Amino acid sequence: MKIKDAEIISLMQNPRTQEKGVRALMDAYQSRLYWHIRRIIVDGDLAQDTLQETFIKAYQNFHQFKNDSQLYTWLYRIATNEALQQVNKLKKMQKTDEDPEYYMQNLVADNTEGDAEEIQQILQNAIQSLPEKQKLVFMMRYYDDLPYEEISKIVDMSVGTLKTNYHYAKQKVEEFIKENYER
């Protein structure tokens with residue numbers, strides 16, 4: 001039985017039931033947030049750590065939740081910010097001249113079998129080569145199938161700008177795949 005957002009919010013707002021609310025929050029959104037973070041960060045362990053940081057921030061700042069958006073939208077924004085902070089930390093720490101394609105190819109298992117794995121790898125490489133804003137918008141729209149209005153609230157960007165970013169990202173991904181997929 002799935003617990004509804006209204007119940008989670010009620011539990012989180014009451015100091016006596018806050019712990020139960022945190023568990024319900026994690027049960028309800030852990031998987032979706034993990035995969036969102038994982039698409040940004042790629043490394044599974046770091047994505048898991050970032051997910052934990054997301055829930056800690058949500059717990060610590062729940063008093064700031066205004067209930068003017070869906071609970072998931074609020075959590076998604078926290079997760080996105082946490083993931084982007086991790087990416088920025090990694091970029092600062094990374095002292096290498098490897099391009100995103102090479103980096104992604106080394107993260108994927110050496111033994112890819114069949115066209116599906118090859119296409120998936122090329123798609124991931126294409127997404128990783130996108131500028132940050134386009135990458136973020138593309139992943140939320142393509143993988144999570146979020147409406148532009150939801151994405152707008154999460155990334156604090158106008159719907160028109162989001163549509164433009166998604167359009168350009170989609171074009172770049174399609175071009176990348178056409179250039180790199182050999183049959």
Side-chain angles (χ1 to χ4, degrees), residues 1-92 123-124 127-128 130-173:
M1 175 187 236
K2 253 188 163 179
I3 189 166
K4 295 187 189 301
D5 282 355
E7 294 174 59
I8 294 172
I9 293 167
S10 177
L11 290 169
M12 290 290 292
Q13 290 173 335
N14 183 342
R16 288 190 205 173
T17 59
Q18 198 169 32
E19 189 177 315
K20 185 177 179 183
V22 171
R23 282 195 303 273
L25 185 74
M26 291 174 73
D27 288 344
Y29 295 108
Q30 188 166 340
S31 180
R32 287 172 69 189
L33 289 174
Y34 171 78
W35 287 108
H36 168 65
I37 292 168
R38 180 73 190 268
R39 286 188 288 273
I40 296 171
I41 292 182
V42 180
D43 178 82
D45 292 334
L46 189 54
Q48 189 65 42
D49 292 345
T50 304
L51 176 65
Q52 295 306 316
E53 285 298 316
T54 298
F55 284 120
I56 290 169
K57 287 264 172 77
Y59 170 75
Q60 292 172 337
N61 298 298
F62 197 79
H63 63 280
Q64 294 178 352
F65 178 66
K66 295 181 178 85
N67 218 1
D68 58 356
S69 65
Q70 292 181 8
L71 186 56
Y72 180 68
T73 302
W74 185 71
L75 290 169
Y76 211 98
R77 186 172 191 152
I78 294 170
T80 300
N81 289 338
E82 288 297 309
L84 291 176
Q85 284 178 4
Q86 286 296 334
V87 168
N88 288 334
K89 283 181 193 175
L90 287 174
K91 283 181 182 176
K92 287 178 185 174
L123 175 61
Q124 289 303 314
I127 293 169
Q128 290 302 316
L130 294 172
E132 280 304 317
K133 283 183 184 178
Q134 289 179 8
K135 183 190 316 182
L136 192 58
V137 171
F138 183 84
M139 288 188 303
M140 284 191 256
R141 187 81 177 135
Y142 180 79
Y143 286 114
D144 299 324
D145 199 27
L146 290 176
Y148 288 113
E149 292 75 19
E150 281 291 306
I151 299 171
S152 174
K153 291 176 186 174
I154 292 166
V155 298
D156 197 26
M157 199 183 294
S158 75
V159 172
T161 303
L162 286 173
K163 288 181 178 180
T164 301
N165 273 296
Y166 182 73
H167 174 74
Y168 285 129
K170 189 174 157 190
Q171 278 183 330
K172 289 176 184 177
V173 167

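Count residues from 1 along the sequence. If you're wondering where the values come from, they're calculated on a predicted model, not measured in any experiment.
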Other residues, nucleotides and ligands only: do more than 12 of their heavy atoms fall within 6.0 Å of OH on Tyr142?
no
Lys135 and Glu132 ion-paired at < 4.0 Å
yes
Residue pair Ile37 / Ala83: nearest heavy atoms and the distance that separates them:
CG2-CB, 4.3 Å
Atom pair NZ/CG of Lys4 and Leu71 - distance to nearest 0.5 Å
14.0 Å
Would Gln70 and Leu75 count as a side chain to side chain contact (heavy atoms under 4.5 Å, CB included) if you check the C-alpha gap in whole Å, the side-chain angles of each, and the deciding distance to 0.1 Å?
CA-CA 9 Å; Gln70 292 181 8; Leu75 290 169; over 6 Å; no
Checking Leu33 against Phe55 for the side chain to side chain contact (heavy atoms under 4.5 Å, CB included) test, could you report, in this order, the C-alpha distance in whole Å, the side-chain angles of both residues, the deciding distance, and whether it holds?
CA-CA 10 Å; Leu33 289 174; Phe55 284 120; 3.9 Å; yes
Given 3.5 Å as the limit, does a donor-acceptor pair link the side chain of Arg141 with the main chain of Asp145, or not?
no
Which atoms form the tightest heavy-atom contact between Ile8 and Ala28, and what is the distance?
CD1-CB, 3.9 Å
Using a 4.5 Å cut-off on heavy atoms from C-beta on, say whether the side chain of Met140 contacts that of Arg39.
no
Under the 3.5 angstrom rule, does the side chain of Thr54 hit a backbone N or O of Thr50 as a donor-acceptor pair?
yes
With rounding to the nearest 0.5 angstrom, report the CD to CG distance, Gln171 to Leu130.
11.5 Å
Would you compute the distance between atom NZ of Lys170 and atom CG of Asn165 and round it to the nearest 0.5 angstrom?
14.5 Å
Does atom CZ (Phe65) have a neighbourhood of more than 12 heavy atoms from anything else shown, all under 6.0 Å?
yes
Nearest heavy-atom neighbours spanning Ser69 and Lys153
CB-CD, 4.2 Å
Say whether, by atom type as modelled, one donor and one acceptor occur between the side chain of Asn61 and the main chain of Gln64 under 3.5 angstrom.
no
With rounding to the nearest 0.5 Å, note down the distance linking CG in Leu146 to CD1 in Ile154.
5.0 Å
Counting C-beta onward and ignoring hydrogens, is there a side-chain heavy-atom pair between Ile127 and Phe138 closer than 4.5 Å?
yes
Show the nearest heavy-atom pair for residues Leu11 and Gly21, with the distance to one decimal.
CB-CA, 3.6 Å
Under 6.0 Å from the NZ atom of Lys133, do we count more than 12 heavy atoms belonging to anything else shown?
no
How long is the gap from NE2 on His167 to CG on Leu162, to the nearest 0.5 Å?
14.5 Å
With ring pair (Phe, Tyr, Trp, His ring centres under 6.0 Å) as the rule and sequence neighbours excluded, what pairs involving residues 9-48 come up?
Tyr29-Tyr72, His36-Tyr76
I need the full list of salt bridge (charged side-chain N to carboxylate O under 4.0 Å, His left out) pairs touching residues 59-86, with sequence neighbours left out, sorted by first then second residue.
Lys57-Glu82, Arg77-Asp156
Scan residues 9-19 for pairs that pass salt bridge (charged side-chain N to carboxylate O under 4.0 Å, His left out), counting only residues two or more places apart or in two chains.
Glu19-Arg23
Just say parallel, tilted or perpendicular for the rings of Tyr166 and Tyr148, cut-offs at 30° and 60°.
perpendicular
Could you check whether any side-chain heavy atom of Gln128 comes within less than 4.5 Å of a side-chain heavy atom of Val42, counting everything from C-beta outward?
yes
Taken to the nearest 0.5 Å, the spacing of Thr73 OG1 from Ile78 CD1 works out to 11.0 Å
With distance as the sole test, does Ser152 use its side chain to make a donor-acceptor pair with the main-chain N or O of Met157 at under 3.5 Å?
yes
Looking at Tyr168, I want to see if its OH is surrounded by more than 12 non-hydrogen atoms of other residues, nucleotides or ligands under 6.0 Å.
no
If you look at every heavy atom in Gln86 and Ile41, which pair is closest and at what distance?
CB-CD1, 3.8 Å
Measure across Leu25 and Ala58 and return the closest heavy-atom pair with its distance rounded to 0.1 Å.
CD2-CB, 4.4 Å
For the residue pair Thr161 / Ser158, report whether a side-chain donor-acceptor contact shorter than 3.5 Å exists.
yes
